[in-house]
Number of protein chains: 2
Amino acid sequence: MANPERSTEMLWEPQPEPRRSLNLERIVRAAVELADAEGLAALSMRRLAERLGFTTMALYRHVPGKAELLTLMRERVHGETEADAGPARAAGWRAELEVWARDELAMYRRHPWLAESDDARHVPGPHTVGRFERALEIVARTGLPPAHVVAAVNLVGGFVGSTARQAAAEARMRRRTGVSDEEWWQDRDSLFAHLDRYPTLSRLYREGAYDTPPDPFEFGLQRVLDGVEALVRYESRDEKGCGVCGRPVDRGPAGRPRDYCSPACRQRAYRLRRGQGG
Amino acid sequence: MANPERSTEMLWEPQPEPRRSLNLERIVRAAVELADAEGLAALSMRRLAERLGFTTMALYRHVPGKAELLTLMRERVHGETEADAGPARAAGWRAELEVWARDELAMYRRHPWLAESDDARHVPGPHTVGRFERALEIVARTGLPPAHVVAAVNLVGGFVGSTARQAAAEARMRRRTGVSDEEWWQDRDSLFAHLDRYPTLSRLYREGAYDTPPDPFEFGLQRVLDGVEALVRYESRDEKGCGVCGRPVDRGPAGRPRDYCSPACRQRAYRLRRGQGG
DNA sequence: TCCGTCGGTGTACGTGGTACACATGCGGCA
DNA sequence: TGCCGCATGTGTACCACGTACACCGACGGA
């Protein structure tokens, strides 16, 4: 259905448009507004045309089809804040990747339809690739092998997208029914009446597992980053430097591997521990 | 749209059906078959009725609507293999959770439409809750606080679902277009021609990042489990026992925390290290 | 005998994306 | 000035979807 060659062309070799009444720019902007306001399901070619004051088929003079329109919408919103985040480069890869992930989530929050639409095989535009590049850059500094850098970025990106998808579904349902997820589940007594036969679930519930649930994004992000960090440590296990100055340490012929490169560093680490220990 | 009360009733208090020509059982089974074979998009009430040899509206005598039909389909396939996996309980929570996750993925692979359909607010049936209970049981043994047990299970479950969703999208596209993801991307030269301006991406590509990419499920699962494991370790950091025998160790007044509870254990650890070391 | 209910049918409505034929107006050229 | 061709906008039409609604035959109990 979607035409990838046409998409690539429109994303990477945009034609300067004559200033006509109806043009690509206006269509894409209006489409984003409509999808932002009422969700992806409400974005139909008819409704969009109506909002712009044209007939449905007029849109097809500027856009090959709905699939390509969505591609352009995605690229548009990916470009929104790319310039603002001056990266706190000194903070280390983990903090930076955390910022990146939060930034992605913010984008999904501004445009919940993004999460509903990302099936696959979408031609990325300059801004979309730019965001990917930024994440690669950050993770590449861990020293992980190239394939793992890409896999790690995809993992984190996928996690954000998946979380956003669930959040978007919640919001969509709330708008359509006027009922929040929490309220909806609270109304399910006829279901809960059957759950006594599950001992662990019942016990955890009684112990308050559902009283103050952690934010799924924050919880999951920390776990995923911990997982990546563990990989980084594992991959660089043979080149671990001094625990204080980071310089390589001599490996003794046997026995416990040394943590520090010199007695001076060892002493410094001791003083640090004692200082904060108390 | 979906009627949760009706769903709950049909899932948990199923009425014994008279053996008529058309009944719920036959409808649900045929629906699962159709969706398995041709994807969720191909599952329409018309097509389903046609396949069963009845008119479209005949289905509505047995099912309130399509949403409820999907709920019944989900529950049906969640029950498929629940009995088979005798849990290797001795292996520890991580190995068991890994088995659980793989089992979930296998279900998604048998029924790719599952991943396409799971928006939210779905009333779970006995088998669906059963699977959840199993995971909770496993993770509860880590000793994590209740809210974290639930969050961890949701994280892993969400990861599996998200991976399955992408895999399902790939399969759907391949069926519809006859082109695999890999082939499709290989045809995107007109896109790649623009990617030189992204230094990290280019470098990683040159270094073979895309030559033998790790399986996203396997890679991600290990990272996520590492993350959960890190949390488990962190939560139980104050009750860490002797590195050899597991008994609690005295904490000295200052200095480096001790790893062993006694000189005997320390010596044993040393011998173990030397034995496998040099 | 009659009547209510259950199961199945047929038609119809409103929604969607978009193919196709047509109208309109403008720029370039003879 | 008159004409052509193209870009742009229009209108109608098709097919597929979920499902509301009116109808109809058959069967079981009073």
Side-chain angles (χ1 to χ4, degrees), chain A residues 1-3 6-7 9-10 14-28 30-31 34-35 38-73 113 116-117 119 172-173 175-177, chain B residues 1-3 6-7 10 14-28 30-31 34-35 38-73 113 116-117 119 172-173 176-177:
Chain A
M1 40 175 37
N3 177 344
R6 202 64 208 289
S7 292
E9 205 181 298
M10 297 181 85
Q15 302 299 318
E17 274 194 295
R19 299 241 164 277
R20 293 287 158 72
S21 55
L22 186 55
N23 57 22
L24 196 55
E25 163 70 16
R26 283 190 58 194
I27 292 177
V28 177
L34 197 127
E38 309 189 34
L40 198 57
L43 176 67
S44 74
M45 299 302 266
R46 284 185 231 270
R47 296 243 293 135
L48 178 57
E50 195 181 3
R51 169 180 275 235
L52 282 161
F54 289 84
T55 55
T56 309
M57 295 314 291
L59 303 177
Y60 286 89
R61 294 289 168 200
H62 304 263
V63 177
K66 200 188 186 186
E68 289 78 11
L69 174 58
L70 266 166
T71 296
L72 293 172
M73 290 168 63
W113 47 270
E116 303 176 52
S117 88
D119 260 357
R172 189 174 46 221
M173 284 294 191
R175 194 178 44 227
R176 201 158 59 202
T177 66
Chain B
M1 42 173 32
N3 177 344
R6 201 66 208 290
S7 292
M10 297 181 85
Q15 302 298 319
E17 276 195 293
R19 297 244 165 274
R20 293 286 161 71
S21 55
L22 186 55
N23 57 23
L24 195 54
E25 164 70 17
R26 282 190 60 192
I27 292 177
V28 176
L34 184 69
E38 308 189 35
L40 198 57
L43 176 68
S44 74
M45 300 302 267
R46 283 184 233 269
R47 295 244 292 136
L48 178 57
E50 194 181 3
R51 169 180 275 236
L52 282 162
F54 289 85
T55 55
T56 309
M57 295 314 290
L59 303 177
Y60 287 88
R61 295 286 167 204
H62 304 263
V63 178
K66 201 188 185 187
E68 289 77 10
L69 174 58
L70 266 166
T71 296
L72 293 172
M73 290 168 64
W113 48 270
E116 304 175 52
S117 87
D119 260 358
R172 190 174 46 218
M173 284 293 191
R176 202 158 58 201
T177 66

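No experiment lies behind these values; they were computed from the predicted model shown. Just so it is clear: chains get the letters A, B, ... in the order the sequence lines come, proteins before strands, and each one is counted from 1.
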Can you tell me how far the [atom1] atom of [X] sits from the [atom2] atom of [Y], to the nearest 0.5 Å?
| X | Y | atom1 | atom2 | value |
| --- | --- | --- | --- | --- |
| B:Ile27 | B:Tyr60 | CD1 | OH | 10.5 Å |
| A:Lys66 | A:Leu43 | NZ | CG | 5.0 Å |
| B:Glu25 | B:Leu72 | CD | CG | 10.5 Å |

Members of residues 43-56 of chain B that approach DNA chain C, where some heavy atom sits under 4.0 Å away: B:Phe54, B:Thr55
For [X] and [N], give me the distance from atom [atom1] to atom [atom2], rounded to whole Å.
| X | N | atom1 | atom2 | value |
| --- | --- | --- | --- | --- |
| B:Tyr60 | C:dG10 | OH | C1' | 15 Å |
| B:Asn3 | D:dT19 | CG | C1' | 15 Å |
| A:Ile27 | D:dG9 | CD1 | C1' | 11 Å |
| A:Asn23 | D:dA7 | CG | P | 16 Å |
| A:His62 | D:dA7 | NE2 | C1' | 9 Å |
| B:Glu38 | D:dA16 | CD | C1' | 15 Å |
| A:Leu59 | D:dG9 | CG | P | 10 Å |

Looking at side-chain heavy atoms only, is the closest gap between [X] and [Y] below 4.5 Å?
| X | Y | result |
| --- | --- | --- |
| B:Leu24 | B:Met10 | yes |
| B:Glu38 | B:Arg47 | yes |
| B:Pro64 | B:Asn3 | no |
| B:Leu52 | B:Leu59 | yes |

Heavy-atom pair of closest approach, residues A:Ser117 and A:Leu40: CB-CD2, 3.9 Å
Minimum heavy-atom distance A:Ala35-A:Met73, with the two atoms named: CB-CE, 3.9 Å
The helix from C:dT1-D:dA30 to C:dA30-D:dT1: angle between end helix axes, five pairs per end, rounded to 10 degrees: 30°
Nearest listed nucleotide, side chain of B:Lys66, among C:dG8, D:dT19, D:dT10: D:dT19
Per A:Met57 side chain, nearest of listed nucleotides C:dG7, D:dT19, C:dT18: C:dT18
A:Arg61 vs A:Ala41, nearer the 5' end of DNA chain C by closest nucleotide: A:Ala41
